[in-house]
Q: 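Have a look at the structure that comes next, please.
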There are 4 protein chains.
Amino acid sequence: MAVAEPENTTRRRAPRVDAIRNREAIIETAAEVLAEQGTTVDVREIARRSGVGMGTLYRHFPKKEDLVDTVLRKEFSRWAESARQAAIDAEDPWAALTDFYQQALSGYARHRAIQERFALTWSAPDLEGLHQLRLVIEELCARATGLLRPGVTTDDLLLLLVSLGHAVQITDGCRPHMWHRLLRISLDGLRADHREPLPADTAPDTHQPRPETPKR
Amino acid sequence: MAVAEPENTTRRRAPRVDAIRNREAIIETAAEVLAEQGTTVDVREIARRSGVGMGTLYRHFPKKEDLVDTVLRKEFSRWAESARQAAIDAEDPWAALTDFYQQALSGYARHRAIQERFALTWSAPDLEGLHQLRLVIEELCARATGLLRPGVTTDDLLLLLVSLGHAVQITDGCRPHMWHRLLRISLDGLRADHREPLPADTAPDTHQPRPETPKR
Amino acid sequence: MAVAEPENTTRRRAPRVDAIRNREAIIETAAEVLAEQGTTVDVREIARRSGVGMGTLYRHFPKKEDLVDTVLRKEFSRWAESARQAAIDAEDPWAALTDFYQQALSGYARHRAIQERFALTWSAPDLEGLHQLRLVIEELCARATGLLRPGVTTDDLLLLLVSLGHAVQITDGCRPHMWHRLLRISLDGLRADHREPLPADTAPDTHQPRPETPKR
Amino acid sequence: MAVAEPENTTRRRAPRVDAIRNREAIIETAAEVLAEQGTTVDVREIARRSGVGMGTLYRHFPKKEDLVDTVLRKEFSRWAESARQAAIDAEDPWAALTDFYQQALSGYARHRAIQERFALTWSAPDLEGLHQLRLVIEELCARATGLLRPGVTTDDLLLLLVSLGHAVQITDGCRPHMWHRLLRISLDGLRADHREPLPADTAPDTHQPRPETPKR
DNA sequence: AATGAATGAGCCTTCATTCAT
DNA sequence: AATGAATGAAGGCTCATTCAT
């Protein structure tokens, strides 16, 4: 009638705690493996390194994609948060912008799967973490008003992130510092010195027209 | 009376002369398919869409990789050349730079396989066409002396190309004009207005001589 | 009420314990198929006749060659052992020799793959079971000292085995008893009655020490 | 290739002579290739080394097997004839037998395809050349009457040939002289010294009962 | 709830044979 | 009559997913 004393149960019958523990072991391992090898990795590799069987893995994540999604969502958030923190810690608005990119791009290099998923994000914007990132960027924009050239949008800064992220990825192996140069160039191009208007983003099939980016 | 117009013959089934035609049909189809799906395509797909049997495909290209290489080399060269031409046609040095990127990036979006291969280029520089591209960029640098900010290297411009190329690719589906904004930003960042030195690229295996790399 | 008789379960679909069962089913089937068709069999044939899927087969034997090796090693040993047993059971040394060949050759006929592998053994002596066989033969030689003609080596007897084995194989279908005649002839030729020295085996890479090889 | 005087005809229109010439070139090349690599050889290899196109090859030999048959028949005859000649040249009946085997077995080593085909001969006795060989052996038997142990049949000697042939083949690479020992042993076992009757060849499915082998 | 064996569609490649020129 | 390109059915192997215990 009362709550069953767990003391009583056989040690072998871990009730639910272990299921959660397993789930997290899987996620953690998958995060590593996906970062290393990208989404094409063999599911067996994840199961083996997690120390669980295939059945357990598939009980928690019925499809490989479910696991990948879960992991990426988590990693994405963590990544976005670390970038946000870097921005918050900065002394002035422009440093915030710079540090944000520095931090975000540094993290980007270690996550092959995030890179892959990010590349798909624009056409399939299901990654919820993207919203967090956008919020951070919007905040950065707001803080840097007057320092940023006119007309720069959140999407501009987001795309710049992805764009540089790719540069980081491909140079990570042999020229690990090279991307800093590109970042500097791009950020300089974002300064308010440049008063010429940016080209319109007038694609016919634009999802959402956004002449002005509201500061939220 | 004259030699029959080859235009007339059915595209399939024709030896000798049309073996070449077949070969080119394969290459052309493969170019499309590789652009669409990347290098992981099923060879059968290429064969089917080319209208040839597996054997024919493998007669011309003993390994899948041979086909991919052939196609990519060709596409890469064509792409680089079209970008070069755009640069040549430009009126002034800066327009040359701008037009080069415009043209190159426009072409980039439609070639998933080129993107894949390009991403590997830095670590495995086997794609000969890369050299062509570098030459073009070097020339652009030379012409734009005094307009470019000091310290900008060929590799910087090349990496910028790849970086923006990625942006083009991922926005191509839903926001096909957005990347122009990023390009403008980056190019503005490359102008000689910006006199602050770029961060050093302290990787040991630098390919290009860098005229002056200030230690910051 | 008691533990379910494993005998009762369907042969297919059963993990753990029956994984072993499956493995052995594969090996058994493969042994049959390899005996019938040699090493060129389609792996699918083995899978189908084993009642398992391709994946199962490849789980147990990552390469076709692994399966073939495993099966052949086993079959080879079993075959060698049965021949050895026949020799042991014999009443006198000469009968041992005779019975050894009888038994060995009887088994040989049904194993195309063993034949194939045996044919390669001389140039590529990787089949460990060959050593066992050699030991048996050496023992036979020792026991039959004084009955065998001088100069006969282990290799002579081994080669005779292979040689007759071939005869057995090709006559197995239509004249299944014919090889006994050849065996009798050969064994008679091995008797000590024949005192003329055998021709030298002047190959440089002799494996076995030869007591006395007269130069004829 | 075309040496024929085509003085009159257009050079391109070799009439029939060249067809024959081609056919023979194919056969000759195929003989080499089959001897080297056995019947699993790629037809292209034969075509290429013959200097003819696939179409030509297949015009002359609609199936690969047709070519193989033609070649083997020819090679088989040539081989049998050379062995017969060796027998004829011998001084006495026993030497005839010995030299016959010597010659036949020496030739055997160089013909992988003959070996393969010979192995099938007993179950599929379509190889006409086999008849020739049998005639030679019958003649040898007749000449050696009184020297051979009683009851030895043509088929015994033929099977001995095949049997030793296999030994020759597998030792050809590393112990090229070893088979002579086996030959000596077998021939000694065939001598009339051995008066014990050979086991009967009483297979139930024997094609032709042959208690006595008439000396023709 | 966990395990890991089983499944089988799908991928790259080869080669005997056919066919248009 | 010759040419060699084209064909497509296999064959070896992988891996996401299911299933019996």
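To find a chain, count down the sequence lines: A is the first, B the second, and so on, and within it residues start at 1. Below, all heavy atoms of this structure are taken into account, side chains as well, without hydrogens, waters or symmetry copies. Everything quoted here is computed from the prediction, not taken from an experiment.
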Q: Rounded to whole angstroms, how far apart are NE2 on His60(D) and C1' on dA2(F)?
A: 9 Å
Q: Run the salt bridge (Lys or Arg N to Asp or Glu O under 4.0 Å) test against Arg49(D) and tell me which residues pass, sequence neighbours left out.
A: Glu32(D), Glu36(D), Glu45(D)
Q: Just by distance, do the side chain of Thr56(C) and the backbone of Val52(C) share a donor-acceptor pair under 3.5 Å?
A: no
Q: In dot-bracket notation, what is the pairing pattern of DNA chain E, taking Watson-Crick (N1-N3 plus N6-O4 or O6-N4) and G-U wobble (N1-O2 and O6-N3) contacts under 3.5 Å, with [ ] crossing and | for other strands?
A: .||||||||||||||||||||
Q: Taking for each residue the nucleotide of DNA chain E bearing the nearest heavy atom, is the 5' side occupied by Leu57(C) or by Gly51(A)?
A: Gly51(A)
Q: With Ala31(D), which residues qualify under side chain to side chain contact (heavy atoms under 4.5 Å, CB included), at least two apart?
A: Val71(D), Glu75(D)
Q: I need the CZ-C1' distance between Arg59(A) and dC19(F), as an integer number of Å.
A: 12 Å
Q: Provide, to the nearest angstrom, the distance between the CG atom belonging to Asp66(D) and the C1' atom belonging to dA16(E).
A: 12 Å
Q: Charged N to carboxylate O under 4.0 angstrom, Asp69(C) versus Lys63(C)?
A: no
Q: May I have the distance from Asp69(D) (atom CG) to dA16(E) (atom C1'), rounded to whole angstrom?
A: 16 Å
Q: Any chance you could list the contact pattern along nucleotides 12-17 of chain F? Use B for base contacts, S for sugar-phosphate-only contacts and - for none, protein heavy atoms under 4.0 Å, 5' to 3'.
A: BBBBBB
Q: Between dA9(E) atom P and Arg48(C) atom CZ, what is the distance in whole Å?
A: 13 Å
Q: Rounded to the Å, how far apart are Asn22(A) CG and dA2(E) C1'?
A: 8 Å
Q: Quick check against the 3.5 Å criterion: does Thr70(C) have a side-chain atom that pairs as donor or acceptor with the backbone of Asp66(C)?
A: yes
Q: Among residues at least two apart in sequence or on other chains, which ones pass salt bridge (Lys or Arg N to Asp or Glu O under 4.0 Å) with Arg44(D)?
A: Asp42(D)
Q: I need the CZ-C1' distance between Arg21(D) and dA1(F), as an integer number of Å.
A: 15 Å
Q: Which pairs count as side-chain hydrogen bond (donor to acceptor under 3.5 Å, both in side chains) when at least one residue sits in residues 19-31 of chain A, sequence neighbours excluded?
A: Thr29(A)-Ser50(A)
Q: Taking the side chain as every heavy atom from C-beta outward, state whether Ile26(D) and His60(D) have any atom pair closer than 4.5 Å.
A: yes
Q: How about Arg112(C) and Leu34(C): do any of their side-chain heavy atoms sit closer than 4.5 Å?
A: no
Q: In whole angstrom, give the distance that lies between atom CZ of Arg23(D) and atom C1' of dA2(F).
A: 16 Å
